[in-house]
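See below for the structure under consideration.
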Amino acid sequence: MSEKRVTLRDVAAAAGVSRATAGFVLSDAPGIAISEATRRRVRETAGNLGYVPHSIARALREGSSRIIVLTIDSGYEGNYSRSFTRGLDDELAAHDHVLLVRHGHSAPGAQRRLLEAISPRAVLGLPDYLAPGHELDDGGWDGGLAGNTAVQLGYLARRGHAHVAVALPDDHPPLGPVRLRFAREAASRVGLPPPEALTVSRERARAAAAVLAFLDAHPEVTALAAFDDEVALRILAAARDLGLSVPGDLAVIGFDDTDYGALFTPTLTTVHIDAEDHGRRTARIILGLDSAGFVAAPAQVIVRESA
């Protein structure tokens, strides 16, 4: 049997104050004359009893709960989403809000039922929020998705690769066309011709066939910039099956620095993105607070053997 939830009435009784006084203290109601000693006693009592404000009652008063929902689509669970979530969660917690994160697939209607049940203050989705033109757009050139893509292409250019291509997954993610456009714009900035796109299957034999056909059609290409680390690992597997040397015959660079790249042979060069300040900035925008001063850390290339 679950324990009985501690109520505001319980806190008031244990602290020796009225329910109204306990409510004023715990909600930080302005303009109420309550001594500091009483405030301290009420807060300590609430903490000792494990009191948690009733979110439904608060939602009725405020018109919505203090819950922010973040949905992360399958395939976006890399370092970016982890660090973004960490920053978002920390900043929301600092302002008495709670983050609820949902990953991957959900049953039909599940999202709607969830939103109806908790009346969240805001709903945010990855990768939707990264798309250019979104209210919370972080797709820009200064630490955003475009700038991070430029770091990836720029590294290959500095390594002497005059012709590169962009490798995309075969499930056609929403950010695929966006990344390809950014890559082509970034290429022009560093003096490279517009990169062609290679679609790489999750199925190993088909991936190898696609890589072989692409290189036969584009023999000038010496490096592939992958959509993410998973696509990069598909290419490394394909290269091994085709007898290609990496990076001798073909350099490969990933994106978003997952944990698996360092475990493969050859180890995967990739782009590390710290999005914690993206998360903090997003939290403040959602809450209507000043978001100035939260500048994303520049992306960094983690240099390993594949490029």
Side-chain angles (χ1 to χ4, degrees), residues 75 78-80 141 144-170 172-173 175-202 204 206-258 260-273 298-307:
N79 184 70
Y80 181 95
W141 292 96
L145 184 60
N148 297 335
T149 304
V151 169
Q152 187 187 39
L153 270 290
Y155 175 79
L156 295 176
R158 290 192 302 274
R159 299 295 296 178
H161 295 282
H163 295 274
V164 305
V166 174
L168 301 174
D170 59 346
H172 307 293
L175 283 186
V178 177
R179 285 286 306 283
L180 181 59
R181 176 165 62 84
F182 285 157
R184 287 173 174 169
E185 293 178 19
S188 69
R189 293 185 175 206
V190 296
L192 296 177
E196 297 291 336
L198 161 64
T199 299
V200 185
S201 172
R202 181 184 295 272
R204 185 162 179 156
R206 293 179 61 187
V211 170
L212 179 61
F214 183 86
L215 294 179
D216 284 346
H218 303 279
E220 72 281 1
V221 170
T222 59
L224 292 176
F227 178 81
D228 58 16
D229 278 12
E230 180 180 334
V231 172
L233 293 178
R234 296 180 196 180
I235 297 168
L236 293 185
R240 172 173 292 184
D241 293 347
L242 295 170
L244 297 176
S245 169
V246 176
D249 296 322
L250 182 69
V252 180
I253 182 170
F255 194 84
D256 204 16
D257 189 21
T258 59
Y260 304 108
L263 304 177
F264 207 85
T265 302
T267 53
L268 179 65
T269 296
T270 187
V271 176
H272 176 88
I273 304 165
Q300 296 181 321
V301 175
I302 306 300
V303 180
R304 299 193 183 107
E305 296 170 340
S306 69

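Atoms considered below: every heavy atom in the structure, side chains included; atoms not considered: hydrogens, waters and symmetry mates. These numbers were taken from a predicted model, which means no experiment stands behind them.
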Considering all heavy atoms, the nearest [X]-[Y] contact:
X	Y	result
Ala225	Leu153	CB-CD2, 4.2 Å
Pro193	Ala187	O-CB, 3.8 Å
Gly154	Val190	CA-CG1, 4.3 Å
Ala299	Val271	CB-CG1, 3.8 Å
Ser306	Val246	O-CG1, 3.6 Å
Arg184	Pro195	NE-O, 3.0 Å

**Spacing of Leu244 atom CG and Leu215 atom CG [to the nearest 0.5 Å]** = 6.5 Å
**Request:** Kindly compute the distance separating CG (Asp257) from CD1 (Ile302), expressed to the nearest 0.5 Å.
**Result:** 5.0 Å
**Request:** For the pair Arg179 and Asp228, find out whether any cationic side-chain nitrogen is under 4.0 Å from an anionic carboxylate oxygen.
**Result:** no
With distance as the sole test, does [X] use its side chain to make a donor-acceptor pair with the main-chain N or O of [Y] at under 3.5 Å?
X	Y	answer
Asn79	Ile273	yes
Thr199	Asp170	no
Asp256	Tyr80	yes
Glu305	Thr267	yes
Thr269	Arg304	yes
Tyr260	Leu233	no

**Message:** Do Phe255 and Asn148 make a side-chain contact, defined as non-hydrogen atoms from C-beta onward lying under 4.5 Å apart?
**Reply:** yes
**Request:** Decide yes or no for Val252 and Leu268: does some side-chain heavy atom of the first lie under 4.5 Å from some side-chain heavy atom of the second?
**Result:** yes
**Request:** Decide yes or no on side-chain contact (heavy atoms from CB on, under 4.5 Å) for Leu175 and Leu145, but give the supporting numbers first.
**Result:** CA-CA 10 Å; Leu175 283 186; Leu145 184 60; 4.1 Å; yes
**Qualifying residues under side-chain hydrogen bond (donor to acceptor under 3.5 Å, both in side chains), relative to Glu185, sequence neighbours excluded** = Arg181
For residues 234-243, which side-chain N or O atoms pair as donor and acceptor with protein atoms under 3.5 Å away, sequence neighbours left out?
unit_1	atom_1	unit_2	atom_2	d
Arg234	NH1	Val200	O	2.8
Arg234	NH2	Glu230	OE2	2.8
Arg240	NH2	Thr265	O	2.8
Asp241	OD1	Arg204	NE	3.4
Asp241	OD1	Arg204	NH2	2.9
Asp241	OD2	Arg204	NE	2.7

